[in-house]
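Here the structure is a predicted model, which is why all the values come from computation and not from measurement. Order of the sequence lines fixes the chain letters, A, B, ..., with proteins taken first and strands second; residue numbering starts at 1 for each chain.
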2 protein chains.
Amino acid sequence: MNPEFHTYKNPSLAVDLVVFGYHNQSLSVLLLNRKDEPFKNGWTLPGGFLQMEETLQQVCNRIMHTKIGIENLYLEQLYSFDEPNRDPRGRVISIAHYALINPERFEIVAGKMANDVQWFPVNQLPALGFDHGLIFDQALQRLKSKILYYPVGFELLDETFTMPELQALYECILGITIDRRNFRRKILDAEYILLTGSKREGSKNRHPDLYKFNKALKQSNFQLNISAQQ
Amino acid sequence: MNPEFHTYKNPSLAVDLVVFGYHNQSLSVLLLNRKDEPFKNGWTLPGGFLQMEETLQQVCNRIMHTKIGIENLYLEQLYSFDEPNRDPRGRVISIAHYALINPERFEIVAGKMANDVQWFPVNQLPALGFDHGLIFDQALQRLKSKILYYPVGFELLDETFTMPELQALYECILGITIDRRNFRRKILDAEYILLTGSKREGSKNRHPDLYKFNKALKQSNFQLNISAQQ
DNA sequence: TCAAAAGTGTTTGTACTACACCCATGC
DNA sequence: GCATGGGTGTAGTACAAACACTTTTGA
């Protein structure tokens, strides 16, 4: 083994997670209320230290599992945060990730969720400890741009969904209003989704068509080019 | 201090650099020929371990300075690579970055450059050690997309440059051919560059106008939307 | 005056925006 | 039958692609 290999003391390596969920037409983030210093009783993103034999994905799943009780979610690496004083306990470099979940799919969660874990709508966040405000901002920005060229929405919606539901999700994440007819045309032209043939029953108005994700599109890149209604 | 804080053994933390340079109408990458195992006599990206008090930027600059003799370049964080067996010496997580330099600006480099450092055109790379082939691929892909919404070209060209030179850079990086008149219109419409008023002398043909980077644009986002000539 | 590269403008087609009416459902 | 939300088509406009001639220069 190379002698230089162990002569370096390493900063600690952690992961922080921005977990987005979409319910009640609102985009939310999971925050943890800390029991210990630093930032005791303050809100932070869930996170944890990387162990020797873990991959980044594994840490993320471990954190999600132990702190929130769910696993196997859509996960993407965001950025590494290395500001020397970002953690008052010492030098910690955090490789931030963001995750997307559909809260409806995890009813168990409510049970396992400690009462110190809460969903916060993204536009009503409390002040966050560490540099987590910064991390969150970047995650939201990434999500906004990602949704335009990758079918990210499906991680946040049910297996089947209606066109107005999909549009509401886009409007919510992007913070804009979109023309119904133009949105529909773009989404369909991209072969983004497929008709299932059934309709969502139960509403007191016309029953909208149900669509599903076009899995054939999962890898290919598309460009949605969605713009706000004036 | 939190008792959990030091109970984790951390993987080593390193940085690998994809250094792009542009000369002779060709995009190249700096590679290092290793003197030691593993991959002795093989080519790899320059890299190094993160020291306790360093920021990521500082490591990158240190590596560039000690291994290649240059500093203060355009630097962007790329991605973290965490595959457990990526380094045969042990668990090393690498936070890859890419850098852009104009080789003409660093004539000193040739002197300080050890003979084990070489430029390789990006389409004639040797096999790389570790997972550096993967890192390189991602860096090139990132550069290709970045150049469309950020004036990255200026890091690779001289202070002043002609329109055909800028176009050649775009064609080289993107690997496409672009219509001269359409390219010019888009670049000028984006207020990407400004006329200096002088012309490049010395060529045997018509002397092309010299432009310079519009620094006012440095922060704002634009969209170049350049497409290949058919 | 010739060859080689740089500068410039117009036409055509495509794609996006804006916009209004009909349809289905439950009450 | 009425109110509410869902579904659909079109006309106008703006932008992007394709394209050819003139200008400058050195040899």
Side-chain angles (χ1 to χ4, degrees), chain A residues 24-25 147-149 153 157-158 160-172 174-212 221-230, chain B residues 24-25 147-149 153 157-158 160-172 174-212 221-230:
Chain A
N24 302 329
Q25 314 240 11
I147 202 175
L148 296 179
Y149 64 90
L157 294 175
D158 291 335
T160 61
F161 49 87
T162 68
M163 187 69 77
E165 284 164 6
L166 184 62
Q167 177 171 350
L169 173 67
Y170 272 79
E171 292 184 329
C172 173
L174 296 174
I176 60 176
T177 305
I178 309 170
D179 179 272
R180 259 167 52 228
R181 291 151 293 191
N182 294 338
F183 179 80
R184 175 183 297 266
R185 182 169 356 93
K186 280 174 188 168
I187 294 286
L188 291 177
D189 284 357
E191 298 183 273
Y192 192 172
I193 58 179
L194 303 171
L195 265 175
T196 63
S198 43
K199 294 168 185 293
R200 184 179 301 291
E201 317 279 333
S203 76
K204 66 170 186 168
N205 300 316
R206 178 171 181 170
H207 293 171
D209 292 330
L210 281 169
Y211 292 86
K212 64 183 178 195
N221 272 14
F222 61 93
Q223 182 69 34
L224 269 184
N225 208 356
I226 281 171
S227 55
Q229 197 174 23
Q230 64 161 214
Chain B
N24 301 330
Q25 312 240 10
I147 202 176
L148 295 179
Y149 64 90
L157 294 176
D158 290 335
T160 62
F161 48 87
T162 68
M163 188 68 80
E165 285 164 6
L166 184 62
Q167 177 172 349
L169 174 67
Y170 272 80
E171 292 184 329
C172 174
L174 296 173
I176 60 177
T177 306
I178 309 171
D179 180 271
R180 261 172 42 233
R181 292 152 293 193
N182 293 338
F183 179 79
R184 177 182 297 266
R185 182 169 355 92
K186 278 173 189 168
I187 294 287
L188 291 177
D189 284 356
E191 298 184 273
Y192 192 172
I193 59 180
L194 303 171
L195 265 175
T196 63
S198 44
K199 293 169 185 292
R200 184 178 302 292
E201 316 280 332
S203 76
K204 67 169 186 169
N205 300 316
R206 179 171 181 168
H207 294 170
D209 292 330
L210 281 169
Y211 292 86
K212 63 182 178 194
N221 273 14
F222 61 92
Q223 181 70 33
L224 268 184
N225 206 357
I226 281 171
S227 55
Q229 197 175 21
Q230 63 159 216

Can you list, pair by pair, the side-chain donor-acceptor contacts under 3.5 Å of residues 164-171 of chain A, counting residues two or more places apart and other chains?
residue	atom	partner	partner atom	Å
A:Glu165	OE1	A:Thr162	N	3.0
A:Glu165	OE1	A:Arg200	NH2	3.1
A:Glu165	OE2	A:Arg200	NE	2.9
A:Glu165	OE2	A:Arg200	NH2	3.2
A:Gln167	NE2	A:Glu171	OE2	3.2
A:Gln167	NE2	A:Ile178	O	2.7
A:Tyr170	OH	A:Ile147	O	3.2
A:Tyr170	OH	A:Tyr192	OH	2.3
A:Glu171	OE2	A:Ile178	N	2.8

Test side-chain contact (heavy atoms from CB on, under 4.5 Å), reference A:Asn182, set A:Arg184, A:Arg180, A:Arg185, output is A:Arg185
Taking all heavy atoms of B:Ser203 and all of B:His207, pick out the closest pair and write down the distance. O-NE2, 3.4 Å
Starting at CZ of B:Arg206 and ending at P of D:dT24, how long is that distance when rounded to a whole Å? 6 Å
In whole angstrom, give the distance that lies between atom CG of A:Asp209 and atom C1' of D:dG5. 13 Å
If you draw a 6.0 Å radius around CD in B:Glu201, do more than 12 non-hydrogen atoms from other residues or ligands fall strictly inside? yes
Identify whether any heavy atom of A:Thr162 sits under 4.0 Å from a base atom; if not, whether one sits that close to sugar-phosphate; answer base, sugar-phosphate or nothing. nothing
Could you state the CG-P distance from A:Asn225 to D:dA14, rounded to the nearest angstrom? 17 Å
Is B:Asp209 close to B:Thr196 at the side-chain level, that is, under 4.5 Å between some pair of heavy atoms? no
In whole angstroms, the gap separating P of C:dA6 from CD of B:Gln167 amounts to 9 Å
Length of the line joining A:Asn205:CG and C:dG26:P, which is rounded to integer Å: 9 Å
Taken to the nearest whole Å, NZ/A:Lys199 to C1'/D:dG6 is 9 Å
Looking at A:Ile176 and A:Ala228, what are the two nearest heavy atoms and their distance? CB-CB, 3.8 Å
Calculate the interatomic distance between A:Lys204 atom NZ and D:dC2 atom P; express it in whole Å. 16 Å
Positions of residues 178-196 of chain A (non-hydrogen atom under 4.0 Å from DNA chain D), listed by number: A:Arg180, A:Arg181, A:Arg184, A:Arg185
Which whole-number value in Å describes the distance from A:His207 NE2 to D:dT4 C1'? 12 Å
